[in-house]
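Here's the structure, in structure tokens; my notes come after.
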Amino acid sequence: MDRTEQHKKAMLDALEKSLGVVTSACKTVGVGRTTHYLWMDSDPEYKRAVQELSDVALDFAESSLHNQIKDGNPTSTIFYLKTKGKSRGYVERQEIEHHADKSFKVTIVGDTNE
């Protein structure tokens, strides 16, 4: 394994430990952020591995949220219902989706900047 591949592996390990925080992982490994993003652009396997680690971090956060809900944390419960319970009416505002093929023009009148 060449030096670059060793750094990539170390970077993936550091990203896992930092739950995907790039700056922390780069400092741990001694690799610049630019280098990390160049690897992301040029190495599909590295990019896939980084994206999988992002899913692990999201799973960790979701697990923490569920634990807070189990512990009776009302803020966590409200947050969960507002984000996952929309289809059951847990929203603060109404969301209206409109899909049309026609475009329209908006004219702003009374502009005070002129």
Side-chain angles (χ1 to χ4, degrees):
M1 180 182 305
D2 71 2
R3 187 173 172 90
T4 299
E5 292 303 315
Q6 290 174 347
H7 277 109
K8 286 180 183 179
K9 174 148 180 21
M11 188 65 187
L12 291 171
D13 291 341
L15 282 167
E16 185 174 10
K17 290 177 183 161
S18 71
L19 293 176
V21 179
V22 174
T23 301
S24 298
C26 287
K27 286 180 181 178
T28 299
V29 176
V31 170
R33 289 173 50 87
T34 303
T35 301
H36 163 74
Y37 288 110
L38 286 172
W39 292 341
M40 291 281 289
D41 289 339
S42 65
D43 184 343
E45 188 176 317
Y46 179 79
K47 183 176 184 174
R48 181 191 50 73
V50 170
Q51 289 171 336
E52 286 177 6
L53 289 173
S54 294
D55 289 340
V56 169
L58 183 57
D59 290 345
F60 176 81
E62 286 178 339
S63 178
S64 177
L65 176 64
H66 286 286
N67 286 334
Q68 291 177 34
I69 292 169
K70 286 178 191 172
D71 291 341
N73 184 313
T75 304
S76 297
T77 303
I78 291 167
F79 174 79
Y80 183 84
L81 290 172
K82 284 182 183 178
T83 56
K84 296 289 190 174
K86 289 180 181 180
S87 65
R88 296 185 182 183
Y90 292 100
V91 292
E92 288 186 4
R93 66 175 194 270
Q94 272 198 303
E95 295 179 5
I96 300 171
E97 289 188 31
H98 177 69
H99 303 281
D101 294 332
K102 297 181 181 182
S103 61
F104 58 91
K105 181 179 177 181
V106 175
T107 304
I108 300 174
V109 292
D111 189 0
T112 59
N113 292 329
E114 291 183 21

(request) Decide, yes or no, whether a salt bridge links Glu52 with Arg48 under the criterion of side-chain N to carboxylate O below 4.0 Å. (result)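 Arg48 and Glu52: salt-bridged.
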
(request) Decide, yes or no, whether a salt bridge links Lys17 with Asp13 under the criterion of side-chain N to carboxylate O below 4.0 Å. (result)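 Salt bridge flag = no for Asp13 with Lys17.
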
(request) In sequence, state the C-alpha distance, the side-chain angles, and the governing distance for Tyr90 and Lys84, and then conclude on side chain to side chain contact (heavy atoms under 4.5 Å, CB included). (result) CA-CA 8 Å; Tyr90 292 100; Lys84 296 289 190 174; over 6 Å; no

(message) Please give me the minimum heavy-atom distance between Asn73 and Thr75, naming the atom from each residue.
(response)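 That closest heavy-atom pairing would be OD1-N, 2.9 Å.
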
(request) Locate the shortest heavy-atom distance separating Leu19 from Ala57; write the atom from each residue and the value. (result)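 Nearest pair, atom of Leu19 first, then Ala57: O-CB, 3.3 Å.
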
(request) Kindly state each residue pair satisfying side chain to side chain donor-acceptor pair (under 3.5 Å) with at least one member in residues 18-34, sequence neighbours excluded. (result)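 Sorted result for residues 18-34: Thr23-Arg33.
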
(request) Is it possible for you to say whether Val50 and Tyr37 belong to one hydrophobic cluster, with membership spreading through side-chain heavy-atom contacts below 4.5 Å? (result)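 Yes: a chain of side-chain contacts under 4.5 Å links Val50 to Tyr37.
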
(message) Please determine whether residues Met40 and Val21 belong to a single hydrophobic cluster, defined as Ile, Leu, Val, Met, Phe, Trp and Tyr linked transitively by side-chain heavy-atom distances below 4.5 Å.
(response)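 No.
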
[X] side, atom [atom1]; [Y] side, atom [atom2] - distance, nearest 0.5 Å:
| X | Y | atom1 | atom2 | result |
| --- | --- | --- | --- | --- |
| Gln68 | His66 | CD | NE2 | 11.0 Å |
| Ser54 | Leu15 | OG | CG | 8.0 Å |
| Leu53 | Asp59 | CG | CG | 11.0 Å |
| Thr83 | Leu65 | OG1 | CG | 7.0 Å |

(message) Using side-chain heavy atoms (C-beta onward) and a distance below 4.5 Å, is His7 in contact with Met11?
(response)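 They are not in side-chain contact.
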
(request) Output yes when a side-chain donor or acceptor of Ser64 lies under 3.5 Å from a complementary backbone atom of Phe60, and no otherwise. (result)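 Such a contact is absent between Ser64 side chain and Phe60 backbone.
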
(message) Run the side chain to side chain donor-acceptor pair (under 3.5 Å) test against Ser87 and tell me which residues pass, sequence neighbours left out.
(response)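 Expected list: none.
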
(request) List in chain and number order the residues that pass ring-ring contact (aromatic ring centres under 6.0 Å, His included) with Tyr46, two or more places apart in sequence or in another chain; answer none if no residue qualifies. (result)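 Tyr46 satisfies ring-ring contact (aromatic ring centres under 6.0 Å, His included) with His36, Trp39 once adjacent residues are dropped.
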
